There are 2 protein chains.
Amino acid sequence: MRLSRYFMPILKENPKEAEIVSHRLMLRAGMIRQQSQGIYSWLPLGKRILDKVNRIIREEQDRSGAIELLMPTLQSAELWQESGRYDDYGKEMLRIKDRQERPLLYGPTNEEMITDIFRSYIKSYKNLPLNLYHIQLKFRDEIRPRFGTMRSREFLMKDAYSFDLTQQDAIHSYNKMFVAYLRTFARLGLRAIPMRADTGPIGGNHSHEFIILAETGESEVFSHKDFVNFEIPSEDTDFDDIAGLQAIFDKWTSLYAATSEMHDAAAFDAIPESDRLSARGIEVGHIFYFGTKYSEPMGAKVQGPDGKEHPVHMGSYGIGPTRLVPAIIEASHDENGIIWPASVAPFDVVVINMKPGDEACDRLSENLYAGLGKADKDVLYDDTDDRAGTKFATADLIGVPVQVIIGPRSAANGEVEVKDRKTGAREVMTLEAAMNRLAG
Amino acid sequence: MRLSRYFMPILKENPKEAEIVSHRLMLRAGMIRQQSQGIYSWLPLGKRILDKVNRIIREEQDRSGAIELLMPTLQSAELWQESGRYDDYGKEMLRIKDRQERPLLYGPTNEEMITDIFRSYIKSYKNLPLNLYHIQLKFRDEIRPRFGTMRSREFLMKDAYSFDLTQQDAIHSYNKMFVAYLRTFARLGLRAIPMRADTGPIGGNHSHEFIILAETGESEVFSHKDFVNFEIPSEDTDFDDIAGLQAIFDKWTSLYAATSEMHDAAAFDAIPESDRLSARGIEVGHIFYFGTKYSEPMGAKVQGPDGKEHPVHMGSYGIGPTRLVPAIIEASHDENGIIWPASVAPFDVVVINMKPGDEACDRLSENLYAGLGKADKDVLYDDTDDRAGTKFATADLIGVPVQVIIGPRSAANGEVEVKDRKTGAREVMTLEAAMNRLAG
């Protein structure tokens with residue numbers, strides 16, 4: 001992408017409304033724009049990152065055996081009356097009347113609709129287990145949306161729903177998502193710690209929040225610090241291996257970890273002081289097993305091997321991509337801007353032509369841009385007439401992992417400077433050497 | 001994908017509510033499910049097709065130089081008051097009040113919002129031309145939604161918006177989209193004819209509908225039949241070549257083509273009778289140049305080379321992916337079901353194991369499934385215990401281009417049968433030969 005033809009509106013000043021660093025940097029880098037309170041556009045740079053986050057989420061959902069569909073944003077009120085949540089949900093639910101005065105709502109979540117889909121088609125345990133997910137917009141009319149897309153009203157959510165004949169089977173489905181989430185967050189460059197979460201009236205110990213540590217986190221969290229070094233399940237994990245997944249779950253829940261709501265001070269104090277980790281955290285995922293809470297009232301039943309009908313055991317599993325993007329920034333930035341993990345970087349490389357119009361600068365820049373493009377790299381080519389200082393500041397701000405700086409003096413010798421955004425390390429090398437290193 | 005683990009709820013009976021063939025086939029193949037009037041879920045098979053359609057649309061938008069972003073579904077009423085359309089739009093606009101009683105609406109289109117984004121950031125002609133697009137849900141509260149996703153209330157739209165300093169530049173932007181649309185529909189396996197459309201009070205001759213011919217089309221269309229053989233612009237088309245694009249536009253608008261609204265019977269009758277094409281059509285795209293209609297009232301101005309401020313010349317360009325899917329089916333099916341063009345087929349190949357449990361059937365089927373997967377083919381593997389007739393009917397219904405049938409007798413000889421869904425041609429060959437043919 002040639003920057004001269006791109007739409008990446010960089011803000012020079014720090015926007016006043018931004019209270020946290022990720023919100024500030026997303027606005028400054030031209031990633032998002034607020035359209036109404038808590039409602040955002042994702043500008044082209046932000047959209048690229050969001051797509052990469054979604055792709056990783058999808059790959060790990062698919063790997064675990066979950067199947068993607070797409071439910072609509074608007075739902076009929078009737079469905080929610082069946083489950084009993086229509087009245088419970090309160091003002092966070094955006095209620096709408098259509099031209100026929102029929103009550104609709106903008107889905108804040110999809111348990112009811114997916115249960116309705118399930119009961120319409122699935123009648124036998126032979127079609128289980130089943131896990132269906134979608135990545136779709138939700139709306140929650142928060143009284144105080146804030147922190148940009150970290151807590152917005154219209155937001156994107158990946159929500160998966162599992163269906164099983166028995167509680168035991170449902171625990172295996174739960175463990176699949178538990179492992180998929182560990183892998184997802186790790187691939188996004190995050191270290192997420194699963195923490196036991198409040199399950200409310202349903203009970204059981206099968207609800208976990210995945211929390212990443214960040215100074216600006218909304219909740220206080222307490223955990224054993226060994227979690228930071230736990231091994232992430234490999235991409236060869238066999239999701240059908242019931243005992244294997246259970247072992248991963250057991251290991252990742254063997255040490256103390258809790259949000260303030262679930263905190264047990266005595267248990268935490270029993271950990272040697274040097275192993276205690278007390279910090280602030282951002283919730284980036286939440287998984288639940290909730291048994292027959294929806295299948296029972298909504299009549300989602302299957303015939304079991306015993307010939308009788310059984311309400312299915314369900315779980316739901318949420319990740320918010322539009323919240324993950326700022327969460328990644330909270331975890332990875334410096335005073336000059338964002339530092340994207342390679343897996344979600346909007347571009348792999350930014351090629352900075354220091355003097356467009358200079359024959360050598362243009363030639364080397366164009367060659368590198370074309371060559372890396374052929375090698376399937378996403379390249380941003382800064383071919384603008386901006387001052388050197390502006391170009392450097394922009395490249396640092398938007399956080400592309402590798403910068404290649406092409407100035408007239410070194411270009412005349414066929415050389416370019418390669419800079420690592422994270423470490424700041426710079427190295428001068430020939431164009432060929434740069435191409436070989438970066439095209440790999 | 002193993003069918004035994006997939007969610008593809010096939011209906012055996014023809015659903016009564018479906019009036020047209022695409023709606024019937026989409027329901028029978030388990031592609032969609034109606035959730036409320038005119039509001040649909042895309043079940044996994046449908047979602048796969050929708051994704052492939054979206055990918056082709058994106059590739060052609062990107063190729064033409066348009067830049068993707070993502071605007072939200074909900075918009076503030078204020079924006080629409082600025083353009084004057086808030087009151088004009090009538091009951092098709094879904095109007096909402098949030099918990100603070102602020103008026104919102106579910107966007108039926110995005111001219112206002114994109115103009116607002118533009119005016120917030122772009123101040124100089126040096127940043128033009130610019131074309132921004134998104135693929136996002138829209139809602140239009142049609143009084144009579146029908147024909148499944150062909151005319152639904154919540155639907156997906158790709159809408160692009162171009163910004164130029166002058167009318168002349170805007171015509172070039174218009175031509176870019178004109179060519180991108182020709183390429184997009186051709187890649188989707190459709191022959192779309194651009195027809196001059198009513199531009200309403202704006203005037204000018206720069207609005208075209210892209211119409212495909214189908215018996216169930218909502219509108220009557222009249223055209224010269226040579227359009228059917230016109231050459232589609234190649235993927236090497238230079239979108240910066242002003243004269244080149246104009247020549248393509250001129251050629252594709254040189255012959256008579258009009259919907260009934262714009263029909264000129266005298267002009268049509270002047271065509272030799274053997275060259276006249278009178279048929280029914282489905283609108284699959286619509287492009288407009290509308291000058292300063294929004295930029296003027298909303299103050300979207302740039303400084304020109306003359307140092308003065310000029311309202312920008314705009315165009316908008318829409319394609320409905322959720323309507324394209326049924327349109328493709330209308331154009332490509334037979335009495336047994338859907339016949340997907342390869343470019344949008346949900347799977348490239350379906351491997352039908354006629355006798356799971358039979359050693360040779362299982363071995364050949366698994367080998368082929370694994371081998372084609374390694375070659376990056378999307379394969380559906382029918383490993384179910386269904387009867388032969390059910391398996392064949394399902395494969396035909398869902399329209400995967402190639403079927404590989406693996407029965408016990410031929411499998412014992414290391415042979416499989418390859419069937420072309422479209423022609424019905426069958427050929428027996430060794431597993432290796434099938435692999436070589438299909439993995440390419």
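Quick caveat, the model's predicted, so the values are computed rather than measured. Chain A is the first sequence line, chain B the second, and so forth, proteins listed ahead of strands; every chain is numbered from 1.
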A:Asp116 portion near chain B, given a 4.5 angstrom heavy-atom threshold: both
Under 4.5 Å, heavy atom to heavy atom: which of residues 28-38 of chain B reach chain A? Give them by number, or say none. B:Ile32, B:Arg33, B:Gln35, B:Ser36, B:Gln37
Please tell me if the side chains of A:Ile96 and B:Lys97 come closer than 4.5 Å, counting only heavy atoms from C-beta onward. no
May I ask you to test the A:Thr73-B:Ile39 pair for a side-chain heavy-atom distance under 4.5 Å? no
Answer yes or no: does atom CD of A:Gln81 have more than 12 heavy-atom neighbours from other residues, nucleotides or ligands under 6.0 Å? yes
Ranking B:Ser4, B:Pro129, B:Ser120 by heavy-atom pairs under 4.5 Å to chain A gives rank one to B:Ser120
Okay, A:Tyr106 and chain B: the region with an atom under 4.5 Å from a heavy atom over there is side chain
Neighbour count above 12 (heavy atom, 6.0 Å) for A:Asp376 CG: no
Note, A:Arg99 side chain near B:Leu94 side chain (heavy atom, < 4.5 Å): no
Is the CZ atom of B:Arg5 crowded by more than 12 outside heavy atoms at less than 6.0 Å? no
Would you call A:Lys126 and B:Asp385 a salt bridge, using N to O less than 4.0 angstrom? no
Under 4.5 Å to a heavy atom of chain B? For A:Leu132 that would be side chain
If one checks every heavy atom of B:Phe139 against chain A at 4.5 Å, the contacting part turns out to be side chain
Looking at A:Tyr121 and B:Leu11, what are the two nearest heavy atoms and their distance? CE2-CD2, 4.4 Å
If you count heavy-atom pairs under 4.5 Å between each of B:Asp98, B:Leu79, B:Asp51 and chain A, which one has the most? B:Asp98
Can you tell me which of B:Met71, B:Met93, B:Met113, B:Gln75 forms the most heavy-atom pairs within a distance under 4.5 Å of chain A? B:Met113
For side chain to side chain contact (heavy atoms under 4.5 Å, CB included), just list the numbers for B:Ile67 and A:Tyr6, CA-CA rounded to whole Å, side-chain angles, deciding distance to a tenth of an Å, and then say yes or no. CA-CA 7 Å; B:Ile67 302 168; A:Tyr6 199 44; 3.8 Å; yes
Do A:Phe7 and B:Leu130 make a side-chain contact, defined as non-hydrogen atoms from C-beta onward lying under 4.5 Å apart? yes
Contact origin within B:Leu43 toward chain A - heavy atom pairs under 4.5 Å: both
Minimal heavy-atom distance between A:Ile143 and B:Gln100, with the atoms involved, is O-NE2, 3.9 Å
So which residue, A:Glu68, A:His134, A:Arg48, ends up with the most heavy-atom pairs under 4.5 Å with chain B? A:Glu68
Interchain contact, B:Glu154 with chain A, by part (heavy-atom threshold 4.5 Å): side chain
Measuring heavy-atom distances to chain A, does B:Glu92 have an atom under 4.5 Å in its side chain, in its backbone, in both, or in neither? both
Within a reach of under 6.0 Å around CG of A:Asp238, are more than 12 heavy atoms found that belong to other residues, nucleotides or ligands? yes
So what's closer than 4.5 Å to chain A heavy atoms on B:Leu74: side chain, backbone, both or neither? both
Side-chain ion pair, A:Asp141 and B:Arg102, N-O less than 4.0 Å: no
Only pairs of heavy atoms separated by less than 4.5 Å count here; which of A:Leu45, A:Leu50, A:Asp62, A:Ile117 has the most with chain B? A:Ile117
Counting only heavy atoms not in B:Lys91, do more than 12 sit closer than 6.0 Å to its NZ atom? no
Does the side chain of B:Leu70 come within less than 4.5 Å of A:Ser41's, by heavy atoms? no
